J.: 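Can you read through this structure? Questions will come right after.
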Amino acid sequence: MQTPELFWAMGLLLPLFMGAVLAYVVGKIISRTRGDRAGGLAAAAITLAAAAGVYILTLVYPHISTGGAAAAVDWLGVLEPDALSLFMVKVIFPLIILVAIYSIDYMKEDLGTDKYYALLLIMTGGMVGVAGAGDIVSLYVFFEILSISSYCLVSFRKQSWEPIEAGFKYVITNALGSTLAILGLGLLYLFSGKLSMAEIAAQVSGWPDLPVMAALVLVITGFGVKAAMVPLHFWLPDAHSAAPSGISALLSGIVIQVGFFAMLRLVLTVFAVQLQMVGLILIVFAAITMTYGNYIALAQSDIKRMLAYSSVAQMGYIILGFGVGFYYQSVNGITGGLFHIETHAFMKALAFLSAGYIIERAGTRRMAELKGAGRAMPLAGAAFAVAALGLAGIPAFSGFMSKLMIYKSGFQAGTALGVVLSSVAIANSIISLGYYLPAIHTLFSPGDAAALKQKGAASPAAAVILPVAAMALITLVLGWYPELGLGPVNPAVAEIFKVIGG
Amino acid sequence: MSDAAANWIWVSAAIAVIAGLGIYGIVARRNLFRMLMGFTMLTKAVTLAFVYGGAYWMNPGLGQSLAIIIIVIEAAVTAVGMSMIVNIYRHYGAVDTSQIKRLRG
Amino acid sequence: MLVVLLLALMALAALGVVFSRDLLYAVISLGLLSVFTSVFFYTLGAPYASIMELSIGAGLITVLFMATISLVEERQLKGERKLKLSFLSVAGLLVTGAVALFIFTALFKGAAAEHAAVISPGPLPEILWGKRLLDVLGLGIIIFAAAIGIGALFRTEGEK
């Protein structure tokens, strides 16, 4: 593992993809001989082993964060992992591992889960590849690996109409998004004749050129679809609520953030000259995104749709952090944005996992029919309450700490715009209480608890308790000791400030 | 064909037309197949940009390799989309968005 | 001249894909678009991309569409509304085209004179298996993922 590139390819990508092939093949063989459930379990075990092993490897080899010598091997040149990539990986892996554990119990009724786990690992590999890509075509290839596996995972439960219809919507909008982005990159290639992000960056200094502008618009639109920025978010509530809950947790928790990360990568390298303007664009999108997301979430009667719209709103916070960071060269903005990616990943996954458990037992997603479900299933109810309070940004939960940094960045900017932005963000937090508190109240109000209790009688399996408890613990601990979570964030911020140069 | 590179205005126009029609197909047409074809056309415009860019910047090998990568991805996404259409058809007996739209978006 | 003719044919085929009344004609137009694109690639000195476009674009994808449509076909084709070429949509398309043309014109301003095309196949295998090896392996993963995913979408064990 001499260079970061080699480490990324051999240490991370190779085991993940080989693990996927292995999980599928072994799962298939065992399900032929010992039945489908055993095959799924074997695939889950391989998935967990691969993800956990690779995660431990990233923790043991911290030197890749500093960046070693340039790659000696030619074909590794397409990877350029840095501290930012490492940050993403440190968020991705715990989430994937916890969701994989959760899926063991959650997906036990489904058949053909060997495919589910293989796709899960491929999806992970795609995300890791996007995090480490240093070349526009590799970025696209890995993004498509991520996209194709998530398309199939969204409509995995093809027996009912909703996952299928949402799945097609997801395919067509996201394929359009990534193709628009690559069209923008194709434009850049036509314009500059270069492919590596750094080389293009050297060429693109001749701003403001019309073609560069067009490319920027295409790239922001394309990845904006992936990141669910508001006029382009319409696929998200369907896809995220129709998917199996474990997959919803991943989609909301990390996949849309990876979409934003890809945009960030391009903006930071190719369009670095005009970072301030990009910052302004992001700020406008962010304010619209968070307000609209919260506003629509208020009206939802379906618990998963509510959480999905809340993801749109939370993306607004993340984008706002980066927008303010770019526009005012604010350290707090960038740190807050990155930290919010981290805290939100666990909070939102926790919300989806606990809600998924409740939904599975109660057999309904309608809020009104879930009355008293928290009393019948106190553990899941409490976990959902922790997640909802964290997402609303109540002090003592991790969401507050990351949002606080974003608020601070706006106030520290010292301009009217900054103050307005922070006020909008704070107001949004208060609006979001308007749907989180009623949701918690509904879950714990005395309702038809007897019937629910009958359905949810069995105590939750260890495979459910472990991931949910771990995520709740992370949410609570980061609320008191944010510096624990800032460990991987700070080097990434330093990496970004090499470009911003503030 | 050394004048191939001099035809950039026409090539650019063709890229713009094909990409524009592709987007129009995805956004405005109601038939699911038609939407998928729109996506296919859009990727065709992208490959055109890369191959022409490769020829133009005297690096035809690079442009072609990118085009090949994009064509393969296009085929994979189309196949996945197609299997979803078949699933939709099994459920609804229809492939037109006006007849299947139940999600509010 | 051949190039302009080819490009015009491509644009026509693209129009056919979006605006033809029958879905089958749309597929045929899509295939034709692929064929024209492939020929154009060949004239650009890109034989590898050309053969790829011909086999996958015109071959595989067209066959896929044909097969799936014939699977689904019948009443649906009548359900396809006739396109009303309203003034607004035509104007919108024209404006989009003009803007795009303008952008592209700006794109190549001045650059056209400096560079002449070099027509040679280029060291494609070296590039694909050298610098872009990781992407090629990524393509393998994509095909694998698509295969598993389609398998999952059509799995019969899941039916209850």
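All of these numbers come straight from a predicted model, not from anything done at the bench. Order of the sequence lines fixes the chain letters, A, B, ..., with proteins taken first and strands second; residue numbering starts at 1 for each chain.
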J.: Donor-acceptor pair, B/H91 side chain versus A/K158 backbone, under 3.5 Å?
T.: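 Here the side-chain-to-backbone pair exists.
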J.: Residues two or more places apart in sequence or in another chain: which of them pass side chain to side chain contact (heavy atoms under 4.5 Å, CB included) with B/S65?
T.: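 Partners of B/S65 by the side chain to side chain contact (heavy atoms under 4.5 Å, CB included) criterion, ordered by chain and then number, come out as B/L62, C/L124, C/I127, C/L128, C/R132.
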J.: As an exercise, state the distance from CD1 of A/I182 to CG of B/L66, rounded to the nearest 0.5 Å.
T.: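 Between A/I182 CD1 and B/L66 CG, I get 8.0 Å after rounding to 0.5 Å.
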J.: Compare every heavy atom of A/Y140 with every heavy atom of B/I70, then report the nearest pair and how far apart it is.
T.: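 For B/I70 and A/Y140, the tightest heavy-atom pair comes out as CG1-CE2, 4.0 Å.
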J.: Between atom OH of B/Y92 and atom CD1 of A/I164, what is the distance when rounded to the nearest 0.5 Å?
T.: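 If I round to the nearest 0.5 Å, the distance is 8.0 Å.
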J.: Side chain, backbone, both or neither: which part of B/I88 has an atom under 4.5 Å from a heavy atom of chain A?
T.: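 B/I88 touches chain A through backbone and side-chain heavy atoms alike.
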J.: Which answer fits A/T179, side chain, backbone, both or neither, if we ask what part of it has an atom under 4.5 Å from a heavy atom of chain B?
T.: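 Both parts, backbone and side chain.
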J.: Could you look at B/I69 and say if it's the side chain, the backbone, both or neither that has a heavy atom under 4.5 Å from chain A?
T.: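 Just its side chain gets close to chain A.
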J.: Using non-hydrogen atoms only, which part of B/V77 is less than 4.5 Å away from chain A: side chain, backbone, both, or neither?
T.: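 Both backbone and side chain.
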J.: With a 4.5 angstrom heavy-atom cut-off, which part of A/S147 approaches chain B: side chain, backbone, both or neither?
T.: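 Answer is neither: A/S147 stays 4.5 Å or more from chain B.
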J.: Using every non-hydrogen atom in the two residues, find where A/I148 and B/A76 come nearest and quote the distance to one decimal.
T.: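 Closest approach of A/I148 to B/A76, heavy atoms only: CD1-CB, 3.8 Å.
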J.: To the nearest 0.5 Å, tell me how far B/F39 CZ sits from A/N174 CG.
T.: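 Rounded to the nearest 0.5 Å, the CZ-CG separation comes out at 11.0 Å.
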J.: Side chain from CB out, backbone as N, CA, C, O: work out which of these in B/L32 comes under 4.5 Å of a heavy atom of chain A, or both, or neither.
T.: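 Looking at B/L32, backbone and side chain both touch chain A.
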J.: To the closest 0.5 Å, what do you measure between CD1 (B/I73) and CZ (A/F143)?
T.: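 So the gap between those two atoms works out to 12.0 Å.
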J.: NZ of A/K169 to CE of B/M84: how many Å apart, nearest 0.5 Å?
T.: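 The CE atom of B/M84 is 14.0 Å from NZ of A/K169, to the nearest 0.5 Å.
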J.: Which atoms of A/L183 come close to chain B, meaning under 4.5 Å heavy atom to heavy atom: side chain ones, backbone ones, both, or neither?
T.: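 Answer is both: backbone and side chain atoms of A/L183 are under 4.5 Å from chain B.
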J.: Would you call B/V80 and A/C152 a side-chain contact if the rule is heavy atoms closer than 4.5 Å?
T.: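 In contact.
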J.: Run the side chain to side chain contact (heavy atoms under 4.5 Å, CB included) check on A/L187 and B/I15 step by step: do they pass?
T.: CA-CA 10 Å; A/L187 252 171; B/I15 293 175; over 6 Å; no
J.: Side-chain contact, heavy-atom cut-off 4.5 Å: B/N87 with A/F168?
T.: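 The answer is no; the side chains never approach within 4.5 Å.
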J.: Looking at CG of A/L185 and CZ of B/F50, how far apart are the two atoms once the value is rounded to the nearest 0.5 Å?
T.: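 A/L185 atom CG to B/F50 atom CZ measures 6.0 Å (nearest 0.5 Å).
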